[in-house]
> 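Here's a structure for you.
What's counted below: heavy atoms across the whole structure, side chains too, no hydrogens, waters or symmetry copies. For clarity, every value in this text was computed on a predicted model and none was experimentally measured. Chain letters run A, B, ... following the sequence lines, proteins first and then strands; every chain starts at 1.
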Amino acid sequence: DTAVSQTPKYLVTQMGNDKSIKCEQNLGHDTMYWYKQDSKKFLKIMFSYNNKELIINETVPNRFSPKSPDKAHLNLHINSLELGDSAVYFCASSPRTSGRRETQYFGPGTRLLVL
Amino acid sequence: DAKTTQPTSMDCAEGRAANLPCNHSTISGNEYVYWYRQIHSQGPQYIIHGLKNNETNEMASLIITEDRKSSTLILPHATLRDTAVYYCIVRGGVDSGYALNFGKGTSLLVTP
């Protein structure tokens, strides 16, 4: 009965490969997010989707493409992986974006290591 | 988004109150103050939020100064499991799409 789940938990891959990370929330939330936490532990927003529609797209290389098949899922596909993509990727969800009081619920993270 | 300033690290003895300060002098009138924490290797966890009034829940208390330029998160009886990085965040407006802008946070170490 995990609220926000991510798969896989660990991902080790070679440079140049294409990989996907999946995220699912069973909270009935309208909005989902992807955050990246680098080796210096800074946590930064990458994307945000509301009801399957992209609403935030930070300065992220277009090798990263979020895909939302339905509002309970937000997957992250990464093409041509680079060493600098190594990080922990967190998925999150919140009920809606229209209120400043909405809290976000985070998944356990996916640890990506590019060799 | 209003910028926040927090001490880099703090220590607290187990069982004592942990008081974590945060400065947000440029906060606008309708922005909320949120606190999250990240225990090692886990996803961030919501703790508490407030606008003007002091707030309390089962995890912590939030004290916001009258001018709203600073706040303090209080963990009344810290335990070893409260060791984490604590983030004070001013909730973004429409332009940021309501993303959370995490700073460096305060690394709290609770010692036996």
> Under 4.5 Å between side-chain heavy atoms, hopping through other hydrophobics if needed: is there a path connecting B:Tyr32 to B:Tyr87?
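Linked within one cluster.
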
> With a 4.5 angstrom heavy-atom cut-off, is it the side chain or the backbone of B:Gln38 that approaches chain A, or both, or neither?
side chain

> If you round to the nearest 0.5 Å, how far is CZ of A:Phe106 from OH of B:Tyr46?
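Those atoms lie 13.0 Å apart.
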
> Does B:Leu80 belong to the same Ile/Leu/Val/Met/Phe/Trp/Tyr cluster as B:Met10, with side-chain heavy atoms less than 4.5 Å apart forming each link?
yes

> Sort A:Gln37 into side chain, backbone, both or neither according to what part of it lies under 4.5 angstrom from a heavy atom of chain B.
side chain

> Atom CG in B:Leu100, atom OH in A:Tyr33: separation rounded to 0.5 Å?
7.0 Å

> Do A:Trp34 and A:Phe42 land in one hydrophobic cluster if side-chain heavy atoms of ILVMFWY residues count as linked below 4.5 Å?
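Cluster IDs for A:Trp34 and A:Phe42 differ.
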
> Could you state the interatomic distance from CD (A:Gln104) to OH (B:Tyr36), rounded to the nearest 0.5 Å?
5.0 Å

> Check the surroundings of atom NZ in A:Lys22: do more than 12 heavy atoms from other residues, nucleotides or ligands lie under 6.0 Å from it?
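For A:Lys22, atom NZ is not crowded (no more than 12 foreign heavy atoms under 6.0 Å).
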
> Report the distance from atom NZ of A:Lys41 to atom NE2 of B:His40, rounding to the nearest 0.5 Å.
6.5 Å

> What distance separates A:Leu43 CG from B:Ile89 CD1, expressed to the nearest 0.5 Å?
8.0 Å

> For B:Arg16, does the CZ atom have more than 12 heavy-atom neighbours from other residues, nucleotides or ligands under 6.0 Å away?
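Count not over threshold, so no.
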
> Treating Ile, Leu, Val, Met, Phe, Trp and Tyr as nodes and any side-chain heavy-atom pair under 4.5 angstrom as an edge, say whether A:Leu83 and A:Ile21 lie in one connected cluster.
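Result: yes, single cluster for both.
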
